K.L.:
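The structure under discussion is supplied below as structure tokens; questions concerning it will follow.
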Amino acid sequence: MDTKYAVVHTAEAHTALETFVEEDIPVASPVLVASEFSAPPQPSNQKGSEPYTDDEISITWEKGEAQPAAFRDKWFAIAFVAQFVAVSTTAMVVASTISWAEFSSSTDSDSATSNNDYGGDDGVSQEQAAPGIAFWLSIIGISVLVAPALSIFSMGLMSKNAIGMITASLWFSIILSGLVAVFSLFVAPLVGIIYGIFTICLVSYLKTVKHRIPYAASNLKCSISVLKNNLGLGLVAIGSMIGLVGYILSWAVAFMFTMSLDVMKDNTGDDNDLSPLGGFVACSFLLSFYWTHEVLRNIVRATVAGVVGHWWFVPAEAASFCSTAVMGSATRASSYSLGSIAFGSLIVAVLHLIRNTLHNARNDRNGGILRCIAACILAYIEAMVQYFNKWAYVYVGLYGYDYIESGKRVMCLFKQRGWNVIIADNLTNRLLGIMSLTIGILTGLCTLLVTFFVEEFESKQGWLGVGFFIGFVIGIVLSGIFMGLLSSAVDSVIVCFAEAPQEFNDTHPELAQEMNQTWKDAWPDVVGTVIVGLGGGL
């Protein structure tokens, strides 16, 4: 991967000329991209000291540079690993003290009670009331096979007709909102009026963003190409989810055991009140939960960014299921960059903890409204930090910067490339959400058929709904993994296109030509590059 690239400067002009300049200095001269062309840029007055300046914009830009392998923000990594080990160790110690003989006896007792509840004396056995193990294995197996297959198939559909599907997703939202408005007018007129206004706003929104849909589609096509060539990213995301589920179970065991200790309770008041130590420990457990959830999710985001970087600059390293890009990016994100990811995740976790504490605090006459206002303010701050972090993790995954340096480069990227003209369309997110819902429904229908045919048992009607629900949930979860990977890849493509358009033109000329043309069509009158938020991530 190259270490220094030239800045992209876009200006109004009438000629079609594309010039790329590469300097040996960190301050790059502004150059042109195939969106709005002008004459070749004039060199700076003093090489390396002052950037090119015209009457409209002045750009000083230092491109991303691959960092050497080293642990960054290591103290945050140490703190994260320490709390993770503490929770896991506590859970294992508690589990080892359980009397399995008593547990088995309790289970047998519960089973006998359950048999009596089913009316064993009346001749109706438990086997007759509920399906056997083959039923459960069949619906789970079908769901696990169908959902990923439908997700890959949907990516092919989106790649071939991205513009049409994004447009259809907008119309779907409009029609759905309109139907709700009409129905609500007969039930709750005020709600119907609100949804009617919302429908009008959606129609206006569609007219506003219609010319931007081709650019969103070109970004989505690039992201689909990355994911289809590196499906091993799905294993990384699934592994992260499995790790989160295992941690949640360990966390629950450790939390319940720790909070049951006498020292955690306030013996002077209500039995449900916690002592000062108990309150501190409870908050620490909650912080650990939020922090771990954020870290595992952001490791996947940084991994996706790294794979996109390899695909952008060195396509040969990102062209197989478990490619070198997938393995290397996942390893870096979970080792060298773990501290940087833990740093940013800790900020979000602390804000989330404070906001939930305020939200769940007991209301009183004097402080209830103030708590509500403070919780709302914190919610907006948390959303802003999460939005900032998702771009910072792109730089962490692409180049291996620490969190602070990644944050600085995000600010520089937005400032120099059009901070005042950032447009967050989120066009792809709408489509990906609808696709995930559709895949969930289709998976549920498949398991519904399995429920009907796999086994003969009485009272089948109730279990048909159970089979559909299980398939729907598994379909939503698994398709959400793939759609979340696509959303993260879109963000990484946006940054790479702003950072290195010429390299994209060299490695993927057809996609580069399409993206350049759609960008020019979307913003023909804008001076300066626009950063467009087209995805939301895991």
Side-chain angles (χ1 to χ4, degrees), residues 73-99 103 237 239-301 333-334 338-364 367 371-372 374-379 381-383 385-386 389 393 403 477 538:
D73 298 314
K74 56 186 177 182
W75 293 112
F76 290 95
I78 293 173
F80 173 77
V81 173
Q83 65 85 25
F84 188 90
V85 171
V87 171
S88 302
T89 302
T90 302
M92 288 188 292
V93 171
V94 173
S96 65
T97 60
I98 295 177
S99 175
F103 177 78
S240 175
M241 179 173 291
I242 294 174
L244 179 60
V245 171
Y247 172 80
I248 291 174
L249 296 176
S250 300
W251 181 91
V253 172
F255 178 77
M256 289 187 293
F257 171 77
T258 304
M259 300 312 296
S260 66
L261 299 176
D262 292 337
V263 70
M264 300 297 171
K265 300 177 181 179
D266 186 3
N267 297 324
T268 61
D270 190 358
D271 293 339
N272 294 325
D273 290 339
L274 297 175
S275 65
L277 177 61
F280 173 78
V281 172
C283 288
S284 299
F285 266 100
L286 290 175
L287 179 62
S288 172
F289 180 85
Y290 297 143
W291 194 11
T292 303
H293 175 264
E294 287 291 325
V295 168
L296 292 179
R297 184 178 67 170
N298 293 324
I299 284 176
V300 178
R301 173 173 285 276
S334 56
L338 179 62
S340 302
I341 295 172
F343 189 177
S345 300
L346 179 60
I347 298 174
V348 175
V350 170
L351 291 172
H352 193 64
L353 174 64
I354 297 174
R355 181 169 63 87
N356 281 354
T357 301
L358 290 173
H359 180 74
N360 296 325
R362 294 179 179 179
N363 294 326
D364 57 63
R371 286 196 187 97
C372 181
C376 291
I377 294 175
L378 283 173
I381 295 175
E382 181 183 347
V385 173
Q386 286 181 328
N389 277 353
Y393 294 137
Y403 179 73
V477 171
L538 294 167

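Because the structure is predicted, anything quoted here is derived from the model rather than measured. Values reported hereafter were calculated over all heavy atoms of this structure, with side chains retained and with hydrogens, waters and symmetry mates removed.
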K.L.:
Return the CZ to CD distance between R297 and Q386, rounded to the nearest 0.5 Å.
P.N.:
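One gets 5.5 Å once the value is rounded to the nearest 0.5 Å.
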K.L.:
When rounded to the nearest 0.5 angstrom, what distance separates CE in M241 from CG in L296?
P.N.:
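One finds 10.5 Å between CE of M241 and CG of L296.
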K.L.:
Apply side chain to side chain contact (heavy atoms under 4.5 Å, CB included) to I341 and F76, showing your working.
P.N.:
CA-CA 9 Å; I341 295 172; F76 290 95; over 6 Å; no
K.L.:
Given V295, which of S334, S345, S240 fulfils the side chain to side chain contact (heavy atoms under 4.5 Å, CB included) condition?
P.N.:
S345
K.L.:
Is there side-chain contact between V348 and N298, with at least one heavy-atom pair below 4.5 Å?
P.N.:
no
K.L.:
Is there side-chain contact between N389 and E294, with heavy atoms separated by less than 4.5 Å?
P.N.:
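They are not in side-chain contact.
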K.L.:
Give a yes or no answer on whether the side chain of D73 reaches the backbone of F343 with a donor-acceptor pair at less than 3.5 Å.
P.N.:
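Here the side-chain-to-backbone pair does not exist.
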K.L.:
Tell me, which pairs form a side chain to side chain donor-acceptor pair (under 3.5 Å) where one or both residues lie in residues 275-290, sequence neighbours left out?
P.N.:
Q83-S288, Y247-S288, Y290-N356
K.L.:
Kindly list each side-chain donor-acceptor pair under 3.5 angstrom involving residues 250-259, sequence neighbours excluded, with atom names and distances?
P.N.:
residue, atom, partner, partner atom, Å
S250, OG, G246, O, 3.1
W251, NE1, F285, O, 2.8
T258, OG1, A254, O, 2.7

K.L.:
Could you tell me if the side chain of I248 sits less than 4.5 Å from the side chain of F289, heavy atoms only?
P.N.:
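Sidechains of I248 and F289: in contact.
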K.L.:
Taking the side chain as every heavy atom from C-beta outward, state whether V385 and L351 have any atom pair closer than 4.5 Å.
P.N.:
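Yes, their side chains come closer than 4.5 Å.
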K.L.:
Which atoms form the tightest heavy-atom contact between T357 and L353, and what is the distance?
P.N.:
OG1-O, 2.7 Å
K.L.:
Can you tell me how far SG of C283 sits from CD1 of I354, rounded to the nearest 0.5 angstrom?
P.N.:
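Atom-to-atom, I354:CD1 and C283:SG are 10.0 Å apart.
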K.L.:
Side chains of Y403 and L346: closer than 4.5 Å at any heavy-atom pair?
P.N.:
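No. Closest side-chain heavy atoms not under 4.5 Å.
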K.L.:
Tell me, do T292 and F80 make a side-chain contact under 4.5 Å, heavy atoms counted?
P.N.:
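Yes, at least one pair of side-chain atoms sits under 4.5 Å.
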